Every structure is written in C-alpha cells, then in structure tokens.
Amino acid sequence: MVDRERTLALLDAPSNLGLRPPAEGLVPGCYKAPGVLRDAGLLDRLGAVEAGVVTAGRYRPDWTPGVVRNEAAIAAHSRRLANRVQALLHRHNLPVVLGGDCSILVGIGLALRRVGRFGLVSLDGLDYRHPGNMPDRVGAMGGESLAVVTGLGGALAELDGLRPYLRSADTVAMGIRPDDECADEAAGNGLHLVDAIEVSNDPAAAAARALDVVERADLDGFWIHVDADVLDPELMPAVDAPDPGGLTFDQLTTVLRVLLGSPGVVGIDLTIYDPDLDPDLSGGRRLADLLADVLAGTGQ
Ligand SMILES: [Mn+2]
C-alpha cells in the first residue's frame with residue numbers, strides 16, 4: 001500500500017478534445033471548468049500545492065465515423081499529462097486533476113500503468129463505446145474513456161506500447177444507469193459494476209463494496225474518477241450528455257468520503273462540468289464545495 005502522508009497537488013487538464021461539438025461552429029466549454037473551480041478558492045481551500053496546467057492542442061470538430069476525433073492531439077496531451085501525474089506520484093503528492101472531458105483518463109491511466117498496478121473507482125456514466133461494440137459510433141473519446149483505459153480501443157488504448165493501463169478486474173464503475181446499453185458487456189469483461197440505484201439505496205455500503213475490489217493487497221493503490229454526469233441532471237445539468245437517474249450531491253459526498261478515507265487512494269480527477277451550460281456558474285461553485293468538503297483531511 002502507498003503511504004498516506006501525501007500533499008494534495010492541484011493540476012489542470014483543460015482538454016475538450018474528447019467531445020462532439022455542442023452545435024455546428026461551437027466548441028465544448030468544459031475546458032473552462034478549472035477556471036471556475038479555482039475562482040471558487042479551490043487551491044486554498046484544499047491546502048494544495050500548485051501543480052500547473054497541461055494545456056491541450058487545438059480542437060477540431062471534423063469526424064470520420066469509426067475514427068477518434070482529435071486522436072493525435074489527445075495522444076500528445078495524454079503523454080504530457082501522464083508525465084506530470086507520474087512526477088507528482090513520485091513526489092508523494094496526491095494529484096487532484098481538474099478536467100476537461102473524460103479523455104483525460106487516458107493520460108492518468110498511462111501514468112498509473114507506468115508506476116505500477118492500480119485500481120480505479122469510476123463514478124461516471126459507463127463510457128464504454130469501442131470499436132468492438134459500436135464501430136460506426138466511435139469518435140468522441142469522452143464516451144470511450146473507460147473502454148480505452150481497460151484496453152479496448154485503437155492507438156489511444158496502447159500508448160507507449162502499454163495495454164491495458166488498468167485491468168477490468170481492478171476497476172469499479174459506480175453510479176452507472178441500470179439501463180446502460182453496455183452494462184452486460186462490461187460485466188462480462190470483468191468490470192465490477194455498482195449501479196446508481198444501489199448507490200442511492202446505501203452510498204456508504206456501495207463505496208465499501210468498491211473498496212473490496214481496489215484495496216486488494218496485489219494493487220499499488222487506486223485512483224478515483226468523478227464525472228459530473230454521475231450526478232442527476234436536475235442537480236447538475238451543465239454536462240455534455242445529461243442522463244436521468246443520477247446521484248444526489250449528498251450521496252456522492254458520502255461515497256467520496258468513504259473512498260478517500262482509504263489509505264490506498266493515490267489521486268482523483270473531476271471531469272465534464274461545462275461552464276458554458278451554467279450561466280450563473282452556481283453548478284461549478286457546488287462542485288468546488290464538494291471537492292473542498294470531501295478532500296478536507298486528506299493529505300496534509
Ligand atoms: Mn464520462
């Protein structure tokens with residue numbers, strides 16, 4: 001297990017490369033999320049050290065069905081993000097990575113694989129599209145991120161010749177909607193699924209179930225991925241693909257407190273919040289409050 005005496009390090013990964021254009025001629029606004037979260041005082045409230053920004057390349061909207069949009073730019077960003085996360089892990093920091101869309105999970109997964117064998121608790125819709133199940137719809141890496149980091153996908157699933165970055169058996173997808181079209185396939189591939197109904201019924205017990213998977217002695221620790229779309233869209237509408245049946249803030253808070261209470265946690269990221277869909281930025285302030293709340297007492 002990794003030692004617990006870690007200082008939080010706040011790192012921005014403001015990439016929007018993994019999403020479709022929200023409308024013709026527009027670009028996804030999730031690259032603005034770190035600015036809103038930081039403007040809510042996140043750096044000071046976390047007592048975090050400043051770990052800077054890994055800037056993404058230019059967003060291009062063009063897409064050929066079956067080909068990942070902005071693939072080369074995502075690969076370049078992922079390698080640079082991986083280098084930065086890896087350096088933070090070696091310094092015994094606990095990275096708090098602010099996305100950006102879920103494509104940032106590629107760089108995080110690559111960093112973890114370079115360092116050891118890690119688990120993942122993903123609080124997200126099930127981003128599990130890949131060439132094997134929806135070949136014509138592959139294209140927006142944000143919706144493919146969990147498949148890619150567990151080894152399903154093209155070049156982005158095998159950066160540095162490493163595949164998979166994380167093993168399905170070491171991965172827990174929490175908060176997925178029970179009717180998700182990929183749930184059966186993901187379970188068949190060995191992923192551990194804890195759907196949103198189960199989390200809602202008893203968030204602490206659901207989190208404990210996840211810890212049973214990722215606190216195993218043969219793992220070097222685990223990462224926590226939080227997509228704002230795990231929240232119910234009535235509470236958090238400022239996301240790329242709102243999907244009813246999500247968690248409440250209280251439920252997510254309970255889950256994260258349990259997970260972050262584990263000595264195995266090595267880092268966390270927050271993705272998908274889009275300030276362009278949040279005109280008064282109140283959703284962003286609530287997310288900053290959530291992070292400040294659950295990370296209080298974590299690290300030093
Ligand atoms: Mn997602």
Side-chain angles (χ1 to χ4, degrees), residues 13-22 28-34 37 56 68-70 74 77-78 81 97-109 120-130 133-134 137-150 152-153 156-157 165-166 168 171-183 185-186 191-196 199 210 223-233 235-247 252 255-256 267-278 283-284 287 290-291:
S15 171
N16 61 355
L17 296 168
L19 297 179
R20 299 157 297 177
C30 62
Y31 70 94
K32 302 175 183 177
L37 297 165
V68 175
R69 179 186 287 104
N70 295 310
I74 292 172
H77 185 252
S78 298
L81 178 59
V97 181
L98 305 178
D101 68 67
C102 294
S103 70
I104 68 165
L105 205 51
V106 176
I108 291 166
L120 173 71
V121 180
S122 169
L123 287 143
D124 196 342
L126 189 58
D127 293 331
Y128 209 69
R129 188 175 52 227
H130 62 88
N133 61 13
M134 289 177 242
R137 285 168 55 196
V138 160
M141 181 50 52
E144 292 148 24
S145 50
L146 197 63
V148 163
V149 297
T150 55
L152 300 172
L156 292 174
Y165 310 136
L166 303 160
S168 297
T171 300
V172 186
M174 294 187 77
I176 66 163
R177 308 312 195 255
D179 58 351
D180 192 287
E181 60 185 333
C182 294
E185 183 200 355
L191 255 88
H192 303 266
L193 306 182
V194 185
D195 72 31
V199 178
W223 188 275
I224 303 170
H225 165 61
V226 184
D227 181 320
D229 73 17
V230 79
L231 291 160
D232 195 84
L235 303 169
M236 176 48 61
V239 298
D240 175 67
D243 192 4
L247 308 183
L252 182 56
V255 169
L256 290 173
I268 183 169
D269 70 274
L270 175 68
T271 58
I272 288 292
Y273 164 62
D274 185 340
D276 284 348
L277 304 173
D278 187 25
L287 288 170
L290 171 78
L291 285 179

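For ligands, and for the atoms within them, numbers begin at 1 and follow the listed sequence. Basis for what follows: all heavy atoms, side chains included, without hydrogens, waters or symmetry-related copies. Numbering starts at 1 and runs along the sequence shown. Just so it is clear, the structure is predicted and the values come from calculations on it, not from any experiment.
Distance alone, capped at 3.5 Å, places no donor-acceptor pair between the Arg129 side chain and the Met141 backbone. Asn133 contributes a side-chain N or O that, together with a main-chain N or O of Tyr128, makes up a donor-acceptor pair within less than 3.5 Å. With hydrogens and angles ignored, the 3.5 Å screen pairs a side-chain donor or acceptor of Arg177 with a backbone N or O of Pro244.
Nearest N, O or S atom of Asp227 to the Mn ion (ligand 1): atom OD2. Shortest distance from the Mn ion (ligand 1) to Asp127 is reached at OD2 (N/O/S atoms only).
Counting backbone and side-chain atoms alike, Asp124 contributes an N/O/S atom closer than 2.8 Å to the Mn ion (ligand 1).
Inter-residue side-chain proximity for Val121 and His225 is flagged as unmet; no heavy-atom pair is nearer than 4.5 Å.
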